[in-house]
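Residue numbers begin at 1 in each chain, while the letters A, B, ... track the order of the sequences.
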2 protein chains.
Amino acid sequence: MMDAPATNQPHPLAQDETTAAAPGGREDIVSLMELLFFAYRDFISEPDAMLAELGFGRAHHRILHFVGRHPGLRVSQLLAILRITKQSLGRVLRELVDRGYVQQTEGATDRRQRLLHLTPAGRELLERLEAPQIQRVSAALEQAGPGSRAAFRQVLLALVDENERRRVAALCGLSVDDHRQEGDDAK
Amino acid sequence: MMDAPATNQPHPLAQDETTAAAPGGREDIVSLMELLFFAYRDFISEPDAMLAELGFGRAHHRILHFVGRHPGLRVSQLLAILRITKQSLGRVLRELVDRGYVQQTEGATDRRQRLLHLTPAGRELLERLEAPQIQRVSAALEQAGPGSRAAFRQVLLALVDENERRRVAALCGLSVDDHRQEGDDAK
DNA sequence: TAGAATACGTCAGTCATATTGACATATTTT
DNA sequence: AAAATATGTCAATATGACTGACGTATTCTA
């Protein structure tokens, strides 16, 4: 059920001295890459455990998250954000709709569109899923001291593909009021 | 093949004003969480594409990485690091061994152990896989300015489960010379 | 207004990675 | 000699991704 069977054993390792991190050097960067792996894994672990109890997976969480943050999201936009195929999204979204966490409404001006919203149950589930993550990130920033938040944000944003960076910044930073549409049916 | 079918379309979204980030507030944290998702996804994308061409997946990369960094690693240690089951590791590791990227040698003092090493081909593949990631992280740190490296590292480490933090720090930070062993066969 | 394009859904098949459970084998420890 | 350990393996199952093909409702456009 849990992501981690091993909860309390140490997994100790030798590291030869040539691997020691020279500040700014290659090994230092590789250390950060490893750390990113571990941080992401633990960051994900709590919602994963809750989702498993409901018979859901990470994919359900991602949908709940983005629909929660962008009410009225269209299916095509969600596909573009998640970068998955229509077919992959299909099943997961259907489960969320069938079980009453997500609601689809016809577009007002374009009746082909299925605008996505969370139901009250969906909002509640999302809140439960993300509470531990919000707690974890808040605590980490506090521990790392003032100014770490800005630096962390900057590095993360700079890690994003350059040609995606503006969009991502708009998506999870400043408001960009815009509802344009684009091509579909990846081929 | 690629992780991303959509390469050049914008995926624009409206964000209502109540969602705007108040510095240090809840929405600000949620923004960072989203950013972590996008950053991790792009960070992973290049090796993923290369691996797909070889018929490998992310799991193969993870094994190559940890074996490369910790030559002589035992299978049980790798299981503890990756937190997967023996059975999951089994197939992936076998593929790497069969195709000549990883080599197993008998333990000198305990002949039950299969100590893991990269072959020259394994080292070469790992280098190819991680070159773009090293480049990406280096560039991001440079863009984010001096001091960002330390802050980034601190936040990532603080994101790791508290009871894991020491081990992880030892694993990907300072040298901890130690080859102890522990229980196995998660149950 | 007829046909093209768009938004969405769905059926069918495949793949990679993970899971649990059970068991086999070699080796070391007690 | 028996128990514990380190590893490997068979079988069945689940999730989440993929490609390809097709269907249907709706809107746009020539």
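- For the pair B:R41 CZ and D:dG16 C1', the interatomic distance rounds to 16 Å; values are reported in whole Å.
- Rounded to whole Å, atom P of C:dC8 lies 14 Å from atom CG of A:L82.
- Note on B:T85: every side-chain N or O is 4.0 Å or more away from OP1 and OP2 of C:dT20.
- For the pair A:Q87 CD and D:dG23 P, the interatomic distance rounds to 15 Å; values are reported in whole Å.
- Judged as a side chain to side chain contact (heavy atoms under 4.5 Å, CB included), and not counting sequence neighbours, the contacts of A:Q154 are B:A144.
- In the hydrophobic clustering of ILVMFWY residues, with side-chain heavy atoms under 4.5 Å counting as a link, B:L115 and B:L118 come out apart.
- No side-chain N or O of A:R83 forms a donor-acceptor pair with one of B:S45 less than 3.5 Å apart.
- A:H60 pairs by the ring pair (Phe, Tyr, Trp, His ring centres under 6.0 Å) definition with A:F56, not counting sequence neighbours.
- Judged purely by atom type and a 3.5 angstrom limit, B:Q133 uses its side chain to pair as donor or acceptor with the backbone of B:F43.
- The two residues B:L171 and B:H70 have their closest heavy-atom pair at O-CE1, 3.7 Å.
- Ranked by how close their nearest DNA chain D nucleotide is to the 5' end, A:R62 and B:L89 are led by B:L89.
- Nucleic acid contact for A:G57: sugar-phosphate only, since backbone atoms but no base atoms lie under 4.0 Å from a heavy atom of the residue.
- As a whole-Å value, the separation of B:F56 CZ from C:dA18 C1' is 18 Å.
- Between A:S88 and D:dC18 there is a side-chain N or O to OP1 or OP2 distance below 4.0 Å.
- Within residues 94-104 of chain B, no residue places a heavy atom under 4.0 Å from DNA chain C.
- Using a 4.0 Å cut-off, no side-chain N or O of B:S76 falls inside it from OP1 or OP2 of D:dT5.
- We find that CZ of A:R83 is positioned 14 Å from P of D:dA17, with the value rounded to whole Å.
- The side chain of A:H60 contributes an N or O atom lying less than 4.0 Å from OP1 or OP2 of D:dG16.
- Spacing between atom CG of B:L115 and atom P of D:dT7 amounts to 8 Å, rounded to whole angstrom units.
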How does protein contact run along nucleotides 24-30 of chain D, one letter per nucleotide 5' to 3', with B for base contact, S for sugar-phosphate only, - for none, heavy atoms under 4.0 Å? -BBS---

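- No donor-acceptor pair closer than 3.5 Å links the side chain of B:D161 to the backbone N or O of A:D42.
- Not counting sequence neighbours, the partners of A:R165 by the side chain to side chain donor-acceptor pair (under 3.5 Å) test are B:Q143.
- Summarising the geometry, the separation between CG on A:D48 and P on C:dA18 is reported as 12 Å, rounded to the nearest angstrom.
- Legend: salt bridge (charged side-chain N to carboxylate O under 4.0 Å, His left out) pairs involving residues 118-129 of chain B, not counting sequence neighbours, sorted by first then second residue: A:R26-B:E127.
- Here the C1' atom of nucleotide C:dG9 and the CD1 atom of A:I84 are 14 Å apart, to the nearest Å.
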